[in-house]
Amino acid sequence: MYEDSLSYAHELDHNDPLKEYRHQFHFPIGNDNKPQIYLCGNSLGLQPTSTAAEIDDVLKNWQKLGVEGHFHGDSPWMEYNDRLKPSLGRIVGGHSHEIAIANTLTVNLQLLMISFYRPDQKRYKIIIEKDAFPSDKYAVASHVRFHGYDPEDAVIEVNPKPDHHLLKLEDFEKAFKEHAGEIALVMVGGVNYFTGQRLPIKEITQLAHEHGSLVGIDLAHAVGNVPLHLHDDDVDFAVWCNYKYVNSGPGSIAAFFVHERHHNEDLPRLEGWWGNHKDNRFEMLDKFTPAPGAEAWVMSTPPTLAIAPLKASLSIFDTVGMDRLREKSRLLTGYLEYLINELENDAIQIISPEDPEERGCQLSIAVHNADKRLYDLLLKKNVVLDWREPNVLRVSPAPLYNSFSDVFQFKEVLKKCLIELRYA
Ligand SMILES: *Cc1c(COP(=O)(O)O)cnc(C)c1O
């Protein structure tokens, strides 16, 4: 279906309905004054060209209006957050009232576990996936210890079957059987950061609910990358950052989802004045009146300057739409896979799933016996991707701004580097 030539890559670019979006992003300039071949959107997405103006708007309103900026100007700060929720909702498949924008990912994970991890003597274990992101592991382990349990006993890591490196639903089934009646929470990634595997959220959630457990999903690598249906899939809660595929800048404001089923439950929760219903928030009452929906979990005044980049980014997602993005993504990552396989190099193994349904845009490529010199050399030749010890390149062509030519050029550079370092 594909061809291994630059002219073919150009042809794919020419026919790409999303090709113009590339120009809405700043590409970093690398060596020899050339734009980098940037395949690192899984770590930090590129800056939209509209971001600076969006931040500047907030600054200008602050200059001109002072405190009145909360209520006046074209984007009053009081409503700034709320206006972005429909866009985020379309990306994650949630209703606006199920979404809140606040804090950062790990902080939100800790805060939501207060509500959704309520262990008792019988049911106190948490399932996580093999190769879970370290921050999630630390969060889960520390939360378990906070409740007086031992992570060694209470944190169950689900592993693939021997000789497999990807997870299957039956691996989760096995864990539920082995720990029958003891699992309080399943906390897994929507897309695993290491392998790029997209986990079956709907099936895992159904399985967990059948066993009386709750489900939290970490969407750091899934949001803006793969189709999501949090509400319909019945996920209890989800957390994500917006600096990877959502292109909102380093350490940008994060967001979370709480299924509406839980909105009126009497859950334990850490509270602050911004989670109070906006109708009487400023009456400064002694008693807390929860805001309807996920907003009740927000504690502080939204940092509008920090949210401006998210606004800039989401307006791009609004015009593209996840369907078209996913369509291009499958083609683009498929092309990357094809080119890597065309190298016919036995030292290389793609450890991400072969089935496009089971992955997002990232391919994780293990290079037998390679070390970090490979990454360094790629960078010297203007290719930016992500290196994971011991020998894995994580390559993420982002369909919003990467081209088929980017992918082709990456393959050419990789080939050279492999020869130069004698991994070929
Ligand atoms: C990137 C990432 C994080 C980062 O957490 P922060 O709190 O934003 O630093 C956490 N979990 C996963 C799975 C990630 O991929």
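Atoms within a ligand are numbered from 1 in the order they appear, just like the ligands themselves. Just so you know, residue 1 is the first one in the sequence shown, and it goes up from there. Values reported hereafter were calculated over all heavy atoms of this structure, with side chains retained and with hydrogens, waters and symmetry mates removed.
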Tell me which protein heavy atom sits closest to atom 3 (C) of ligand 1, plus the residue, atom name and distance to 0.1 Å.
->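 Answer for atom 3 (C) of ligand 1: F133 CE2, 3.4 Å.
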Measure the distance from atom 5 (O) of ligand 1 to every protein heavy atom, then report the residue, atom name and distance (to 0.1 Å) of the closest one.
->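 Protein heavy atom with the smallest distance to atom 5 (O) of ligand 1: T106 OG1, 3.4 Å.
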Any side-chain donor near an acceptor of the partner, N42 and S396, under 3.5 Å |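 Note: N42 and S396 side chains meet the donor-acceptor criterion.
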Take Q206 and H209 through the test side chain to side chain donor-acceptor pair (under 3.5 Å) and record every step on the way to the result.
-> CA-CA 5 Å; Q206 201 178 346; H209 287 172; over 6 Å; no
Can you check whether [X] has an N/O within less than 3.5 Å of an N/O in ligand 1?
{"X": "K244", "value": "yes"}
{"X": "D218", "value": "yes"}
{"X": "Y193", "value": "no"}

Within a distance under 4.0 Å of any heavy atom of [X], pick out the atoms of ligand 1 and give their elements.
{"X": "H221", "result": "15 (O)"}
{"X": "Y243", "result": "1 (C), 4 (C), 5 (O), 6 (P), 8 (O), 9 (O)"}
{"X": "A220", "result": "2 (C), 12 (C), 13 (C), 14 (C), 15 (O)"}

If every non-hydrogen atom of G224 is compared with every non-hydrogen atom of L325, which pair is closest and at what distance?
->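 Looking at all heavy atoms of both residues, the closest pair is O-CD2, 3.9 Å.
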Where on D136 is there a heavy atom closer than 4.0 Å to ligand 1, on the side chain, on the backbone, on both, or on neither?
->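 The answer is the side chain of D136.
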Ligand 1 versus L105: contacting region, heavy-atom distance under 4.0 Å =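 Contact part for L105 vs ligand 1: both backbone and side chain.
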Is the CD atom of E412 crowded by more than 12 outside heavy atoms at less than 6.0 Å?
->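 Atom CD in E412 is crowded, with more than 12 foreign heavy atoms closer than 6.0 Å.
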Does a salt bridge link E271 with R269, judged by any charged N lying under 4.0 Å from a carboxylate O?
->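 A salt bridge is present here (some side-chain N lies under 4.0 Å from a carboxylate O).
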Lys/Arg-Asp/Glu bridge criterion (N-O < 4.0 Å) met for R330, E337 |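 So R330 does not pair with E337 through a salt bridge.
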Would you call the rings of Y2 and Y335 parallel, tilted or perpendicular, where under 30° means parallel and over 60° means perpendicular?
->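 Correct class here is tilted.
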